[in-house]
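Step one of this worksheet: look at the structure below.
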Amino acid sequence: MTLRLRFVDGTIIADGAVPDTLPLTPDDRDRTLRAPAHRYAELRSALDSAGVDYEDRVLDLPALDLTTDYDLRNYQREALDAWDANDRRGVLELPTGSGKTVIAVAAMAALGTPTLVVAPTVDLLTQWRRELETEFDVPVGQLGGGEQRLEDLTVSTYDSAYLRADDIGNRFGFVVFDEVHHLGGEGYRDVARLLAAPARLGLTATFERPDGAHEVIEELVGPVVYDLAVDDLAGDHLADYELRRIEVDLTDAERSAYEEAQGTFVDYLKTSNLSFSSGSDYQELVKRSGSDPRAREALLAKQEAREIMMNADAKVDALARLLDRHRDDRVIVFTAHTDLVYRLSERFLLPAITGETGASERRAILDRFRQGTYSRIVTANVLDEGVDVPDANVAVVLSGSGSEREFTQRLGRILRPKADGGRALLYEVVSAETAEERVAERRR
DNA sequence: TTGACTCAACATCCTTTGCTACAA
DNA sequence: TTGTAGGTTTCCATGTTGAGTCA
């Protein structure tokens with residue numbers, strides 16, 4: 001019996017005489033040899049180079065006529081070529097606003113095979129679908145956002161792709177992961193694992209993850225094959241920009257509350273033999289806090305210290321001065337906590353967007369910002385990613401995490417090239433002599 | 001179709017010090 | 001004496017999102 005490959009529930013099963021060099025593991029339940037579907041391309045090339053004759057029933061895909069008349073910029077062409085040269089696998093790390101979508105569309109046109117595009121939010125899903133419908137003359141399916149319709153070109157959320165991957169894993173020859181850093185999530189990585197698509201493209205502005213899970217992504221999608229930083233494109237395809245740090249002092253009351261809380265935390269560390277040389281020690285502390293009351297107290301104290309430094313009164317005053325200085329500019333204000341968003345919204349009469357803001361209200365606010373009815377908005381972490389935010393030229397970061405990704409995304413909100421060629425400004429307001437100075441240092 | 005709700009998943013959460021028991 | 005591991009089956013809090021359900 002000749003060797004036969006078939007797709008079952010997110011895995012490739014090999015029937016017949018199988019060379020032992022193949023990366024397959026025996027499945028005791030039904031005595032078959034299996035590999036996760038993402039290794040399909042690898043299996044094929046192993047069989048081909050061993051000269052083994054086999055029957056391939058994994059994918060049976062129609063050829064699609066996808067033509068496009070996009071004119072790629074130089075760096076977009078280079079990125080596409082680099083991906084092509086790496087057996088059509090890999091990640092492109094490019095800044096927000098550099099036209100990642102365009103590159104993916106060009107790749108789809110070049111391959112002409114059924115393609116799945118996976119994106120993290122419904123908002124991005126809608127943008128992708130619109131883009132593909134405009135560009136190609138074929139129906140575009142959608143999984144997620146209330147629809148479950150499969151077509152040769154389909155866009156999906158990570159959540160829906162996760163739910164459907166085992167039964168649609170053999171329907172596509174190409175998969176595009178937008179904001180591919182999400183694929184490192186414990187559950188989401190199964191999406192890439194259960195798909196057989198040999199061609200894989202990941203898009204992101206910040207590939208590396210603090211938890212190291214980008215290594216998993218490299219295995220499932222491929223390594224970074226092309227990358228550009230904001231500074232490579234600033235002044236050319238993106239606006240020039242400037243970062244300004246403003247330090248503010250805590251009030252006396254804030255200072256003493258901060259020192260006391262931070263002290264509780266540091267005292268615990270000194271007696272707890274936690275080394276804190278890496279982020280994993282924080283996880284350890286969290287674990288302990290489940291059973292050790294002192295660990296719990298330390299963690300809550302740390303939480304309190306963070307809230308004090310991130311929401312300091314002087315930041316509100318600093319914002320007042322900045323809003324005054326930039327009366328004629330388009331300003332987005334970012335914070336880490338929703339409470340502060342609403343406080344600022346009341347005091348300065350700013351339209352606010354947080355996780356609690358419903359979809360229709362959010363759309364209305366963004367529309368008015370786009371039209372110019374509003375020239376400033378305040379938000380927590382909502383507009384960090386995956387939302388089509390109208391352009392601004394001034395960003396004020398009142399508080400944020402130490403995440404490089406969050407910082408890059410916030411900066412990206414003001415980098416669209418300006419009509420008058422003007423430069424964008426990002427202010428970071430930081431509480432002096434607190435841990436926030438380190439946090440701000442870490443993110444950039 | 002919309003809105004309000006619940007639930008689960010994901011992300012961030014961080015510091016400048018050196019412990020203790022055990023096996024080789 | 002020296003070098004090394006220490007640990008299972010997670011999870012203090014806050015914020016955001018998608019899926020699913022129900023009215």
Side-chain angles (χ1 to χ4, degrees), chain A residues 118-126 142-148 156-164 179 181-191 206 209-211 213 261-262 264-307 309-311 334-342 353-363 379-387 399-407 409 434-443:
Chain A
V118 190
T121 63
V122 174
D123 229 79
L124 280 172
L125 202 66
T126 317
Q142 177 172 329
L143 307 177
E147 280 190 49
Q148 291 292 322
S156 171
T157 59
Y158 278 87
D159 282 274
S160 284
Y162 173 72
L163 295 171
R164 300 284 307 272
E179 307 289 355
H181 49 271
H182 285 279
L183 202 60
E186 208 62 54
Y188 290 165
R189 58 182 71 169
D190 280 348
V191 176
T206 44
R209 294 170 50 111
D211 62 1
Q262 183 76 6
T264 305
F265 176 68
V266 173
D267 283 350
Y268 176 80
L269 290 190
K270 280 182 186 153
T271 60
S272 68
N273 75 16
L274 280 177
S275 70
F276 260 76
S277 53
S278 71
S280 62
D281 289 316
Y282 194 83
Q283 286 304 312
E284 174 60 24
L285 176 58
V286 171
K287 269 191 218 166
R288 285 191 194 181
S289 70
S291 54
D292 177 358
R294 287 197 56 233
R296 182 181 150 80
E297 186 195 18
L299 208 48
L300 291 178
K302 182 66 207 169
Q303 184 81 14
E304 193 190 333
R306 287 185 66 234
E307 272 172 37
M309 73 188 187
M310 288 184 156
N311 302 311
F334 295 98
T335 78
H337 296 274
T338 51
D339 282 0
L340 183 59
V341 170
Y342 292 121
I353 300 182
T354 72
E356 297 163 21
T357 314
S360 58
E361 189 186 352
R362 189 179 297 195
R363 207 163 30 239
T379 177
N381 302 317
V382 182
L383 306 183
D384 284 353
E385 168 188 296
V387 188
S399 55
S401 71
S403 154
E404 190 190 333
R405 179 172 348 269
E406 179 191 273
F407 186 77
Q409 278 158 349
T434 66
E436 195 171 33
E437 292 179 323
R438 268 197 305 278
V439 170
E441 223 32 69
R442 204 168 63 221
R443 63 186 166 220

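All chains are named by letter (A, B, ...) in the order of the sequence lines, taking the proteins before the strands, and each is independently numbered beginning at 1. Computation of the quantities below employed the complete heavy-atom set of this structure, encompassing side-chain atoms and omitting hydrogens, waters and symmetry-equivalent molecules.
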Selected nucleotide, minimal atom distance to [X] side chain, candidates [options]:
| X | options | result |
| --- | --- | --- |
| A:Asn381 | B:dC13, C:dT16, C:dT17 | C:dT16 |
| A:Gln283 | B:dC13, C:dA19, B:dT12 | B:dC13 |
| A:Thr354 | B:dT16, C:dT16, C:dT14 | C:dT16 |
| A:Val286 | C:dG18, C:dG20, C:dC12 | C:dC12 |
| A:His182 | C:dC11, B:dA11, C:dT16 | B:dA11 |
| A:Arg306 | C:dG7, B:dT12, B:dC14 | B:dC14 |
| A:Leu163 | B:dC10, C:dG20, B:dT15 | C:dG20 |
| A:Glu186 | B:dC10, C:dG7, C:dC12 | B:dC10 |

Inset, instruction - May I ask you to say whether A:Arg294 pairs ionically with A:Asp292, meaning some side-chain N is under 4.0 Å from a carboxylate O? - result: no
Inset, instruction - Would you tell me whether A:Ser289 and A:Arg296 have side-chain atoms, one donor and one acceptor, within less than 3.5 Å of each other? - result: no
Inset, instruction - Verify whether one side chain among A:Tyr342 and A:Thr354 offers a donor that lies under 3.5 Å from an acceptor in the other. - result: yes
If you look at every strand shown and take non-hydrogen atoms under 4.0 Å, does [X] touch a base, only sugar-phosphate, or nothing?
| X | result |
| --- | --- |
| A:Tyr162 | nothing |
| A:Gln262 | sugar-phosphate |
| A:Ala295 | nothing |
| A:Lys302 | sugar-phosphate |
| A:Gly358 | nothing |

[X] side-chain N/O to [N] phosphate OP1/OP2 under 4.0 Å:
| X | N | value |
| --- | --- | --- |
| A:Thr157 | C:dG18 | no |
| A:Arg189 | B:dC10 | no |
| A:Thr338 | C:dG15 | yes |
| A:Arg438 | B:dT15 | yes |
| A:Ser160 | C:dA19 | yes |

Inset, instruction - If B:dA11 has a Watson-Crick or G-U wobble mate with both distances under 3.5 Å, name it; if not, just say none. - result: C:dT14
Inset, instruction - Please figure out whether A:Arg209 or A:Val439 has its closest DNA chain B nucleotide nearer the 5' end. - result: A:Arg209
